[in-house]
Student: 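I'd like to ask you about the structure that follows.
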There are 2 protein chains.
Amino acid sequence: MHIQPTFRVAAAPTPLQPHAETSALLSAMHPAAITLYAAEATIYNLGDAAGALYFIEFGTVRICRLTADGRRQIVAFHVAGDVFGFEAGSEHESYAESVEGAGIRVLRPSLGQEPTSSLLLLALKSLSRTQNHLIVLGRLTANERVASLLLDLAERQGDDRRVHLAMPRNDIADYLGLTFETVSRILRIFKDQGLIRLRSISHIDLLNPDALAELCQ
Amino acid sequence: MHIQPTFRVAAAPTPLQPHAETSALLSAMHPAAITLYAAEATIYNLGDAAGALYFIEFGTVRICRLTADGRRQIVAFHVAGDVFGFEAGSEHESYAESVEGAGIRVLRPSLGQEPTSSLLLLALKSLSRTQNHLIVLGRLTANERVASLLLDLAERQGDDRRVHLAMPRNDIADYLGLTFETVSRILRIFKDQGLIRLRSISHIDLLNPDALAELCQ
DNA sequence: CGACCTGTTGATTCTGCTCAATCAACGTGG
DNA sequence: CCACGTTGATTGAGCAGAATCAACAGGTCG
């Protein structure tokens, strides 16, 4: 097991039983042992050879793309149970970093093997999620974007009343196409409206999920 | 061959030799005969049963998603040679319409068949394209968005100096996360700057592709 | 204890939206 | 053939939402 320095787990590791297609994939692809990544560690970089997939045991991962002048767009956040690393070409067109500390299994494809249906399904789910995010970036207001993120995280974390924001404000902004100041302001607005409670900087109670859902329409 | 009423082809049909993975897919999936669609015709709708894929012989297709209150986001434009219709679940989460008249072959999956690698590759290319569009919507200015569309269309149409805008301004706006007035204004700005020439409402000459490329960084 | 980093808050600016008028292209019916 | 209505595109004026610039607070680490 490879351990990176200054490892720190922000949240308690929450192992998660994988979905049907994920466990099918895990058995088909001979997963490696868990590699531990420190917070802010690079998992793969722009231009790295693609092919392997990554299964998250615990922690949070961000997938990023850059404009030529360095503006960053976070394409996706992945959490425990997710598989990421899909790439159409032979090189990664994005880079992946751990947000908090994370534990990840590398899945290496058996050479010359035809793809399984579970692999295709995972790729298509990724596509569906990404398409959905296009609506967020293209057609929702800043308020609606933040509300949709809170609800999305709540759903993925399996608790519809409490959300753990593993990522800093800046990451949220780069995911939602906003600035971190705007994210901060909108959280405050939601607080003032009694929609949320800021238990701590990274823990938020959703006091009125329905009103939030109403918002992101 | 099924023919829809009031068929009209805006541009001359341009049959295109498919890429390697596409032709592999075509032979593997027993394509149906070409169906002709009139302009603005529905190819599949929200909630329709998914599973089939669609190969474009000629014409342009838009894939759309809606917010709950009816705002539209065009998730992708597809042109001759493209395959679309991928869906993770059993129902379509978006709808597809012809922009101009279009000729399309339906590809029906052989039941119980494992996916081919060419199918996965096409899905991953779709994912890559969609991720790239996230940058456009999340991090580019209005000028940069329009410039990136012009260059993208030029590249896909195989002529780096002339672009055919098959879709109305409103579609461009809903693809780029703008309003149609803004699209119109920016085209005028580009014209005034000598970057483009509006040969007609739907035909644009790129007088300075490099400057446009500079723009979208 | 001081430096640094993240987050919050305020003031101001500006990009792109909204609302509105006008125009051109096209089709229809008198 | 021309008047009229319709639709998409262009252009203008004013406004609003989010960005930018800036100051400051709180927590963490050396």
Side-chain angles (χ1 to χ4, degrees), chain A residues 5-8 10 38-40 62 67 69-73 99-100 136-149 164-192 196-204 215-216, chain B residues 6 8 10 38-40 62 67 69-73 99-100 136-149 164-192 196-204 215-216:
Chain A
T6 66
F7 179 76
R8 174 186 310 267
E40 308 288 315
R62 59 175 177 249
T67 65
D69 63 345
R71 284 169 281 178
R72 182 181 68 157
Q73 175 65 44
V99 174
E100 334 152 82
V136 174
L137 297 186
R139 284 294 171 237
L140 298 196
T141 66
N143 284 21
E144 294 167 338
R145 293 181 202 195
V146 175
S148 80
L149 175 65
H164 170 56
L165 292 179
M167 65 294 293
R169 301 290 189 266
N170 199 12
D171 281 8
I172 297 177
D174 283 353
Y175 179 63
L176 296 178
L178 302 170
T179 60
F180 62 87
E181 295 100 324
T182 299
V183 171
S184 184
R185 270 183 255 271
I186 288 171
L187 288 176
R188 178 167 209 294
I189 290 173
F190 287 172
K191 194 187 77 177
D192 289 350
I196 62 172
R197 196 164 79 86
L198 291 156
R199 184 178 293 275
S200 83
I201 219 167
S202 60
H203 288 86
I204 295 189
L215 253 185
C216 46
Chain B
T6 65
R8 174 187 311 265
E40 308 287 314
R62 59 175 176 248
T67 65
D69 64 345
R71 283 169 281 178
R72 182 180 68 155
Q73 175 65 45
V99 174
E100 333 152 84
V136 174
L137 297 186
R139 284 291 171 239
L140 298 196
T141 66
N143 283 22
E144 293 166 339
R145 293 181 202 195
V146 174
S148 81
L149 175 65
H164 170 56
L165 292 179
M167 63 297 291
R169 302 288 188 267
N170 198 11
D171 281 9
I172 298 178
D174 283 353
Y175 179 62
L176 296 179
L178 302 170
T179 61
F180 62 87
E181 294 100 324
T182 299
V183 171
S184 185
R185 271 183 255 271
I186 288 171
L187 288 176
R188 179 168 207 295
I189 290 174
F190 286 173
K191 193 187 77 177
D192 290 352
I196 63 172
R197 195 164 80 87
L198 291 156
R199 182 179 295 276
S200 82
I201 220 168
S202 59
H203 289 86
I204 296 189
L215 254 183
C216 45

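Letters go in sequence order (proteins before strands), and every chain restarts at 1. Heavy-atom basis, side chains included; hydrogens, waters and symmetry copies ignored.
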Student: Once you round it to whole Å, what is the distance between C1' of C:dT8 and CG of A:N170?
Tutor: 14 Å
Student: Categorize A:L178 for me: base, sugar-phosphate, or nothing, with a 4.0 angstrom heavy-atom threshold over every strand shown.
Tutor: sugar-phosphate
Student: Under a 4.5 Å cut-off applied to non-hydrogen side-chain atoms, are A:L215 and A:F190 in contact?
Tutor: yes
Student: Give a yes or no on whether the backbone of B:Y175 and the side-chain of B:Q73 come within a donor-acceptor separation of less than 3.5 Å.
Tutor: yes
Student: Rounded to whole angstroms, how far apart are CD1 on A:I189 and P on C:dG10?
Tutor: 11 Å
Student: Roughly, in whole Å, what's the span from CG in B:L137 to C1' in C:dG16?
Tutor: 15 Å
Student: Can you check the B:M167 CE to D:dA9 C1' distance for me, whole Å?
Tutor: 16 Å
Student: Kindly say whether, by distance alone, the side chain of A:R185 makes a donor-acceptor pair under 3.5 Å with the base of D:dT20?
Tutor: yes
Student: Rounded to whole Å, how long is the line connecting atom CG of B:L215 with atom P of C:dT15?
Tutor: 14 Å
Student: Given D:dA18, is OP1 or OP2 found less than 4.0 Å from the side-chain N or O atoms of A:T182?
Tutor: no
Student: Looking at A:R72 and A:D171, does any basic side-chain N land under 4.0 Å from a carboxylate oxygen?
Tutor: yes
Student: Could you state the CD1-P distance from B:I186 to C:dC17, rounded to the nearest angstrom?
Tutor: 8 Å
Student: Closer to the 5' end of DNA chain C via nearest nucleotide, is it A:R139 or A:R188?
Tutor: A:R188
Student: Between D:dT11, C:dT9, D:dA19, which one does the side chain of A:T179 approach most closely?
Tutor: D:dA19
Student: When you match A:F180 and A:N143 each to their closest nucleotide on DNA chain D, which lands nearer the 5' end?
Tutor: A:N143
Student: Kindly indicate whether the side chain of B:R188, heavy atoms from C-beta on, has any atom under 4.5 Å from the side chain of B:L198.
Tutor: no
Student: Among C:dC17, D:dC21, D:dA9, which is the nearest nucleotide to the side chain of B:R169?
Tutor: D:dA9
Student: B:R185 side chain to B:F180 main-chain N or O, any donor-acceptor pair under 3.5 Å?
Tutor: no
Student: Measure the distance from CD1 on A:I204 to P on C:dG7 and round it to the nearest whole Å.
Tutor: 11 Å
Student: What is the distance, rounded to the nearest whole Å, between atom CG of B:L140 and atom C1' of C:dG16?
Tutor: 15 Å
Student: Report the nucleotide, chosen from C:dG7, C:dT18, D:dA9, that has the shortest atom-to-atom distance to any side-chain atom of A:I201.
Tutor: C:dG7
